[in-house]
Amino acid sequence: RAQSGPLKVGVLLPRSGFEAGIGQDCQRGVAIAPAILKSIGLPELAIMDGDTESSVETARARAAKMVSDGAQCLVGAFDSGQTLAIAQVAEQNGVPLIVNIAAAPQLTEQGYKFVFRNFPTAGMILSDAFTDQKEVFAAVGQSPKTVVFMHVNDTFGTAMAKGINLLMPKFDMPYKILDEIAYDPAARDLSVEVTKAKASNPDALLVVSRLNDAMLITRELVKQRWTPQAIMSMGPGWYEDEYFKTLGKLADGPLSFAPWFDPNKKLAQQLEAALAKAYPGVNLNTNHVYTFEALLVAADAYKRAGTTDPKALAEAIRSTNITDNASIGGGIAFDAKGQNTKVKDGAMQNRNGKPVVVAPKEASNAQPEWPLKPYQSRT
Amino acid sequence: MTALLSLTAVSKRFRGLLAVDRVSFDVAEGALFAVIGPNGAGKTTLFNMIAGATTPDDGAIVFAGEPIGGLSADAVCRRGIARTFQLVRPFPALSLEDNVVVGALLHRRGVGAAREHARDLLRRLDLFDKRHQRAATLTLPDRKRLEVARALATDPRLLLLDEVMAGLRPTETDRMVATLRTLNRDTGVTVLLIEHVMRAVMALASRVLVLDHGVAIAEGTPQAVVRDPAVVQSYLGAETM
Amino acid sequence: MSAALARLAGDLSPRTRIWLAALVAALVIAPWIVGDYLVTVLILILYLAYTGQAWNIMMGFTGQLSLGHAIYAGLGAYVAAVLFTRYGVAPWVGLLAAMPVAAACGAIIGFLAFRFGVTGVYFAILTIAFAEFARIGFDHLGIVNAAAGLFLPVAQYAHNDPWRLRGSPTMFYYVMLAATLAAFILCRLLITSRIGYFWLAIREDEEAARAAGIDTFRYKMYAVTISAAVTSFAGVFYAFFYNNLFPEQVFNISRSIQMILGPIIGGVGTLFGPILGAFVLTGLAESLSTALTAMGLDLPGAEQVFYGVCLLVVVVALPEGIWPWLARRLGVKEAES
Amino acid sequence: MPFDVYLNVAIGGVLTGLVYGLMALGLSVIFGVVRVVNFAHGEMMSIAMFLAVVLFSAFHLDPLIMMVPIAAVLFVFGYALQSGLINPFIARPEHSQFLLLVALGIIIVNVLLIIFGPDARTVQTAYAFDSFQLGPLLVDATKVYAGAAAIVFAALLFAFFRFTLIGTAIRACADNYTGALVVGLNVNRLYALTFGIGAACVGAAGTMMTLIVDVTPMIGPTYTLLAFVIVITGGLGSMPGALLGGILIGLTEALAGLLFTPSAKSMFAFGILVLVLLFRPQGILGKRPA
Amino acid sequence: MLAVENLDVFYGDVQALDGVSLEIAEGAIVAIVGANGAGKTTLIRALAGMQRRLRGRISFRGVDIAGWPSHRVCNLGIGQVAEGRQVFPTLSVEENLDIGAMLPRARADRAKNRDRAFALFPRLAERAGQPAGTLSGGEQQMLAIARCLMGAPQLIMFDEPSLGLAPAIARGVLDTIGALNREGITCVVVEQNVALSLKLASRAYVLENGRITLTGSGAELLADDRVRSAYLGL
Ligand SMILES: Nc1ncnc2c1ncn2[C@@H]1O[C@H](COP(=O)(O)OP(=O)(O)OP(=O)(O)O)[C@@H](O)[C@H]1O
Ligand SMILES: Nc1ncnc2c1ncn2[C@@H]1O[C@H](COP(=O)(O)OP(=O)(O)OP(=O)(O)O)[C@@H](O)[C@H]1O
Ligand SMILES: [Mg+2]
Ligand SMILES: [Mg+2]
């Protein structure tokens with residue numbers, strides 16, 4: 001399997017089907033990668049693009065196809081189910097899989113030898129979120145006493161909801177959850193959900209959502225003329241470009257506690273510049289950064305291994321120790337299970353059409369603001 | 001002698017219309033019994049009630065000593081009453097043979113035995129040569145014969161035939177009459193038929209019931225019935241023959 | 001037994017038998033010839049051939065259009081997976097529980113529909129409604145980990161363990177091949193037996209079938225329960241092959257559609273139709289993706305557009321499906337109607 | 001929970017239900033006359049939604065005004081579809097029609113994906129965030145406009161079928177196909193016209209829907225399913241039934257979301273569907289097939 | 001007026017008409033006689049453009065209309081009173097009549113034709129607002145004829161117009177055919193009451209198994225032994 005020439009990396013992303021939006025966003029991270037990798041002296045990669053069509057079966061078949069077409073390393077696949085299906089192909093063929101995004105803890109709990117994840121698990125995301133929330137509360141000198149927890153009832157949302165109920169007691173948070181409102185991922189209308197939340201009259205909203213529902217919730221808040229002290233999101237949606245583009249001034253204010261890039265790191269700035277050039281108007285986000293970093297890990301390991309042999313490559317990935325990365329945290333290094341334990345969340349706040357990092361301190365580039373400016377007074 | 005089939009004051013109403021109005025009659029075992037009457041008199045409705053396709057609103061239907069009014073069509077058939085439809089309904093995509101096999105399987109477990117029986121019946125009804133054709137390709141008279149074969153295949157004690165002679169030319173009518181006669185003689189099956197073709201009724205029936213506007217206006221031997229002034233008035237009309 | 005054997009091969013012409021034997025032989029030796037990728041694709045094909053065959057019992061034989069067959073596969077998958085993850089019950093034993101559960105679900109849907117006279121399009125929508133019901137229900141069912149998904153442990157097995165269904169794709173391939181052959185044989189036995197004739201009669205004209213003494217309610221119930229039970233195995237297989245289950249995916253209407261495309265394209269009511277349809281459709285999808293990659297066209301969605309166009313062309317040109325048309329061309333007498 | 005919360009939610013549910021109803025009306029009209037079940041209904045609506053979004057972002061044309069021209073465009077699309085593709089399928093079995101329209105749906109979704117990309121798009125009108133306050137009640141302005149437009153459109157449609165000669169001719173086709181041929185109606189054209197009208201309904205509904213939801217190429221299938229639920233509940237082929245079904249489903253979902261966990265609210269919609277099918281298989285206002 | 005040459009019609013693999021040739025003279029009443037399934041309805045449907053899988057020539061006033069769709073055929077003035085009446089059950093009587101007048105040739109004269117139809121069948125005028133499905137069989141048959149007249153036809157083909165009607169009404173319908181003919185409308189009649197239709201007809205054809213086996217004037221056929229034994233039961 002070892003060959004001369006560039007390392008063949010198969011990138012599998014859900015670029016059509018119901019996750020097409022995110023898959024195509026991740027793909028931008030792939031598109032800007034070659035130039036940056038070259039600029040930091042890493043070897044060239046031969047990238048093979050694959051579309052999982054948002055389906056587990058297709059993910060598995062495409063992965064097998066890539067391996068049979070000579071892929072020596074796989075990267076993917078945003079969705080936990082699809083990633084797991086690909087992981088099995090990787091494992092059976094002895095080809096390393098570097099997970100760009102996927103939070104299900106099970107991925108690195110299977111005893112796989114060829115699966116590596118440079119992304120936090122749901123539990124890690126939550127723990128960091130609570131820590132960062134406290135940091136924010138301390139910085140602004142205020143904290144909500146009551147919240148309503150709204151979450152999307154999909155894979156990620158449910159896992160996070162479960163985690164919150166388990167972890168929150170350990171963190172001694174200042175607020176109490178008045179009500180938990182789970183809503184349909186395909187929701188067309190969240191007016192009822194917001195009405196329900198408003199009826200409990202909490203200080204703040206705690207949310208785990210996706211893009212579509214983040215926008216729906218915001219619109220309803222405006223229409224129902226209710227501005228809570230804060231919106232604290234523990235996942236995607238609220239910091240995404242579409243959110244800013246669609247809502248304009250109304251987008252400012254919400255806090256997101258999620259994996260992010262460290263704006264102070266050089267590589268992150270490089271990525272921002274490259275992205276701005278390739279896709280004007282697109283802000284750098286988690287999807288780009290982590291997909292890029294998966295390729296970074298592959299190129300770095302390839303350089304050290306000096307061979308395209310997958311087995312040797314896997315060994316090299318295992319001994320990865322990258323400190324000059326782009327995401328928040330201490331860099332990239334994998335534990336025995338293949339999980340990067342150094343990766344950390346950030347706390348972002350939407351400010352003038354762009355997310356800024358307000359915590360943790362070492363990664364921040366702005367101070368948090370509290371409370372939310374009333375929606376009614378923004379125009 | 002007790003009757004095989006006995007109806008007492010059976011009625012059926014469709015919204016405002018009293019389609020069958022307190023009709024009573026008995027059919028003796030082994031008889032060839034005809035029901036005649038003008039269009040819309042309620043003949044088919046009467047059949048549907050006996051065969052379990054519709055439920056009578058009132059009255060009793062007793063078959064072989066047991067009440068069957070209100071039973072479902074398949075339950076009635078399993079007790080020994082088979083029927084044909086006025087608007088024929090063979091299984092269009094199946095071959096003639098398979099059409100009959102379906103009927104024959106009712107009282108036979110094995111497909112082989114059912115096929116034997118089906119072929120027998122197809123021979124009797126002059127359909128044997130066409131047995132591999134799809135039923136959809138048949139002409140109307142052939143379809144009617146196929147319906148008779150399928151009904152017979154369920155080994156009925158009572159056979160209900162709704163206008164099976166319609167569309168047959170006189171020679172064919174005579175052949176059908178002969179077939180039914182032979183069947184009746186050989187197997188003892190009782191036949192209750194609706195017919196507009198008086199030629200067949202006269203030749204075949206031992207007894208005739210005349211319906212008009214849902215009411216039984218006459219019953220008797222064919223010869224007696226065609227002379228009944230009420231029947232001539234309502235059904236046969238002055239101009240007949 | 002010998003009677004069954006005779007029925008199985010009974011009215012096949014020698015030429016057909018040779019074709020059949022050659023096909024089976026080719027499938028048996030396939031994994032030694034083709035690589036892992038094609039084995040994966042073949043598994044997918046056999047999986048769809050199997051589910052198509054199971055669906056065909058309801059639609060092709062009995063004329064009841066079910067658009068919610070994902071529910072039976074999903075129930076099978078979840079029952080076996082829960083038993084395995086919680087109690088370590090081997091999938092084959094789990095299947096003994098999965099089949100009755102799916103069959104019972106089929107029976108409930110069937111009972112409600114057939115007793116209350118829900119037919120045609122209405123029946124189809126009812127089946128969708130139940131599948132959606134299951135999807136949302138499982139999204140909230142704690143015992144199966146709700147929407148967060150149920151993951152099967154993927155332990156490292158040095159060798160194939162067919163009893164616990166852990167192992168290489170080749171092992172899964174043979175399991176699915178055996179199941180597909182079994183389903184084929186089962187369907188052939190069914191359709192040439194008493195029950196099969198009754199089903200066909202019901203499909204053709206329910207009222208006439210009733211007049212011929214067939215208890216149509218009962219035989220429709222048989223069809224839906226058998227079809228559900230057969231389908232449930234596919235779910236068990238799915239769970240152990242892909243090792244993760246999400247209600248959103250497993251009970252999705254697109255999964256039901258995927259199951260029935262094969263038999264419709266191949267030929268509804270025929271025995272070879274579902275198999276042929278699965279080969280054609282999956283083959284089409286894979287070759288489209290290969291061809292587009294080769295052409296350097298990296299346009300997400302393009303492949304599905306071509307796929308949709310191909311479906312259109314087939315359904316417009318061959319109303320009865322590919323197999324009846326092909327059978328006429330090959331001069332193969334179709335053993336079933 | 002205070003009573004005005006229930007009232008607020010109920011009003012919102014009814015208004016949204018009206019728009020759903022208009023969308024479902026298209027499906028109902030098509031089925032009632034042509035006897036084809038349009039399994040690509042939601043996908044057709046997403047075409048209209050994208051048209052509305054494009055027209056808005058390029059020329060700032062308000063969806064409430066664009067409703068008519070977009071309905072016209074979809075009319076042409078539906079007309080062409082029926083006369084070019086679907087017509088030969090009228091006599092074919094349901095599963096064959098199903099496959100045809102599913103294939104069509106796949107094509108629509110992915111062509112939209114290729115053209116517009118996967119991101120959600122919106123129409124941001126000046127009144128997008130308005131709401132009317134009536135005492136304790138807060139009513140979403142866009143929903144009021146959309147609901148009112150749905151009623152007007154449905155009324156026009158009703159008048160068309162009831163009082164114009166062409167409308168009567170279409171009803172005649174639905175009543176008795178052979179009869180229509182006998183008197184020399186151009187049945188194929190009337191069918192195409194009907195399909196066009198059904199598509200126009202969905203076009204109008206889709207245009208209004210952009211005021212309420214964001215559109216992505218993948219949005220179609222959900223709405224197809226929703227349209228089915230509504231139409232079957234209200235009575236397949238009955239025009240008032242479609243509106244009633246829409247209101248009922250909208251209301252049920254809203255109240256179920258309030259009283260139970262909102263993520264399971266569509267279960268209640270399906271529950272209503274199942275109950276209706278069992279106890280009144282032809283739908284609330286449907287006619288029992290002869 | 002209408003000439004048919006060597007007409008073959010198929011239903012799938014089944015041939016329903018086999019080399020049928022016939023001629024219909026302007027102003028005549030032509031009877032077509034045959035057993036059930038002989039192909040009479042098929043013939044009428046073929047002439048009306050409702051059965052378009054055919055071979056052969058159908059010329060109407062010199063124009064070959066074989067294969068034309070029904071709406072074009074109708075617009076030439078070829079009307080039809082079809083087997084089974086085929087009224088629109090949920091439409092009112094008036095709406096049924098309006099639909100009959102949708103042909104381009106008849107649109108202008110809608111009001112005039114409606115008055116004529118109501119004059120011919122006063123019963124229909126009484127029931128103008130009632131849904132056609134609630135009419136009695138005889139009334140439905142009247143409606144079918146009236147609706148046909150709304151299209152201002154010059155040739156009307158009647159398929160079993162007295163089927164399912166009480167004898168008195170049946171005779172009334174046949175009288176109407178005579179009356180229409182006297183107004184100058186050419187008529188083709190397929191009638192289960194063979195004797196009556198032959199009496200009415202100036203020319204008649206016997207159709208057996210899809211073929212014309214006998215032809216002559218009505219009176220000739222009425223006297224023919226084969227016809228008497230096969231169709232009159234004598
Ligand atoms: N399902 C039904 N609903 C309403 N009316 C019905 C129904 N079935 C039959 N009828 C009416 O009941 C009356 C009797 O009909 P039936 O079919 O029994 O007549 P028939 O004597 O068999 O006539 P024919 O000789 O024409 O077959 C008719 O007026 C018919 O219109
Ligand atoms: N749609 C069809 N498909 C197949 N065969 C048909 C179809 N319609 C009619 N036939 C066959 O064509 C032949 C002629 O039928 P047609 O209806 O023209 O007869 P008819 O003379 O009008 O009989 P009737 O007196 O019963 O009305 C019959 O054998 C019939 O079975
Ligand atoms: Mg009758
Ligand atoms: Mg006829």
Side-chain angles (χ1 to χ4, degrees), chain A residues 14-25 53-54 150-154 157-158 180-200 210-213 215-216 218-226 240-243 245-248 250 375-376 378-379, chain D residues 1-2 4-6 8-13 15-16 19-20 109-110 113-114 117-124 126 128-133 138-143 209 212-219 221-223 225-226 250 253-267:
Chain A
R15 293 165 61 198
S16 58
F18 71 99
E19 289 169 336
I22 298 169
Q24 295 198 13
D25 199 31
E53 296 167 16
S54 307
M150 297 182 74
H151 71 87
V152 57
N153 200 56
D154 66 2
T158 317
E180 177 175 333
I181 301 173
Y183 56 82
D184 188 352
R188 303 167 280 268
D189 178 350
L190 291 176
S191 57
V192 179
E193 287 79 351
V194 172
T195 309
K196 210 174 169 180
K198 184 185 172 192
S200 306
R210 304 276 181 194
L211 174 62
N212 175 46
D213 34 305
M215 296 197 286
L216 286 176
T218 312
R219 283 211 199 102
E220 283 304 327
L221 288 175
V222 181
K223 288 182 196 173
Q224 302 194 14
R225 307 182 187 176
W226 175 41
E240 288 179 45
D241 278 353
E242 281 296 313
Y243 185 82
K245 231 191 283 168
T246 308
L247 293 165
L250 297 171
Y375 285 121
Q376 249 55 38
R378 294 197 190 188
T379 45
Chain D
M1 220 170 284
D4 58 273
V5 173
Y6 289 96
N8 260 326
V9 164
I11 290 174
L15 291 175
T16 320
V19 183
Y20 290 173
V109 165
N110 289 289
L113 176 67
I114 291 172
D119 295 333
R121 305 204 173 204
T122 34
V123 164
Q124 208 74 258
F129 293 100
D130 288 357
S131 47
F132 301 125
Q133 181 138 29
L138 262 182
V139 187
D140 182 342
T142 49
K143 279 186 189 167
M209 203 77 91
I212 306 175
V213 299
D214 307 318
V215 56
T216 71
M218 269 66 72
I219 205 173
T222 350
Y223 281 95
L225 204 57
L226 182 72
E253 289 209 343
L255 289 178
L258 192 60
L259 296 171
F260 305 94
T261 170
S263 52
K265 68 181 175 188
S266 28
M267 240 172 144

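Labels below follow one simple rule: chain letters A, B, ... track the order of the sequence lines, proteins then strands, and each chain is numbered from 1.
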Hey, which of A:Asp184, A:Ile22, A:Asp25, A:Leu247 has the most heavy atom pairs under 4.5 Å with chain D?
A:Asp184
Proximal component of D:Ala128, with respect to chain A [non-hydrogen, under 4.5 Å]:
backbone
Looking at D:Leu113 and A:Ala20, what are the two nearest heavy atoms and their distance?
CD1-CB, 4.0 Å
Among A:Gly248, A:Ser200, A:Gly17, which has the most heavy-atom pairs under 4.5 Å with chain D?
A:Gly17
Closest heavy-atom contact between A:Gln24 and D:Pro118?
OE1-CD, 3.1 Å
Worked check of side-chain contact (heavy atoms from CB on, under 4.5 Å) between D:Asn8 and A:Gln224
CA-CA 10 Å; D:Asn8 260 326; A:Gln224 302 194 14; over 6 Å; no
Part of D:Ser266 lying under 4.5 Å from any heavy atom of chain A
side chain
If one checks every heavy atom of D:Leu226 against chain A at 4.5 Å, the contacting part turns out to be side chain
So which part of A:Lys245 gets closer than 4.5 Å to some heavy atom of chain D, the side chain, the backbone, both or neither?
neither
Looking at chain D, which one of A:Leu250, A:Leu216, A:Val152 has the largest number of heavy-atom pairs inside 4.5 Å, strictly under?
A:Leu250
One option among A:Asn212, A:Leu211, A:Asp189 has the most heavy-atom pairs under 4.5 Å with chain D, and it is A:Asp189
Side chains of A:Arg219 and D:Thr122, heavy atoms from C-beta outward: is any pair under 4.5 Å?
yes
Quick one: do D:Lys143 and A:Ser191 satisfy side-chain contact (heavy atoms from CB on, under 4.5 Å)? Show the steps, please.
CA-CA 11 Å; D:Lys143 279 186 189 167; A:Ser191 57; 3.3 Å; yes
Heavy atoms only: give me the nearest D:Asp119-A:Gly21 pair and the separation to one decimal.
OD1-CA, 4.2 Å
How far apart are the closest heavy atoms of A:Ala186 and D:Thr222, and which atoms are they?
CB-CG2, 4.2 Å
Nearest atoms (heavy-atom pairs only) where D:Pro262 meets A:Ala182
CD-O, 3.3 Å
Please classify the contact between A:Leu190 and chain D as side chain, backbone, both or neither, with a heavy-atom cut-off of under 4.5 Å.
neither
Under a 4.5 Å heavy-atom cut-off, does chain D meet the side chain of A:Glu19, its backbone, both or neither?
neither
Give, as side chain, backbone, both or neither, the part of D:Tyr20 having an atom under 4.5 angstrom from any heavy atom of chain A.
side chain
Is D:Gln124 reaching over with its side chain to a backbone N or O of A:Thr246, donor-acceptor style, under 3.5 angstrom?
yes
Heavy-atom contact with chain D under 4.5 Å, split by part of A:Ser16
both
Within the 4.5 Å heavy-atom criterion, are D:Thr261 and A:Glu180 side-chain neighbours or not?
no
Set of side-chain contact (heavy atoms from CB on, under 4.5 Å) partners for D:Leu259, sequence neighbours left out:
D:Tyr6
Go through it in stages, so that I can follow the logic: the residues are A:Glu242 and D:Asp214, the test is side-chain contact (heavy atoms from CB on, under 4.5 Å), and I'd like the CA-CA distance, side-chain angles, deciding distance and then a yes or no.
CA-CA 11 Å; A:Glu242 281 296 313; D:Asp214 307 318; over 6 Å; no
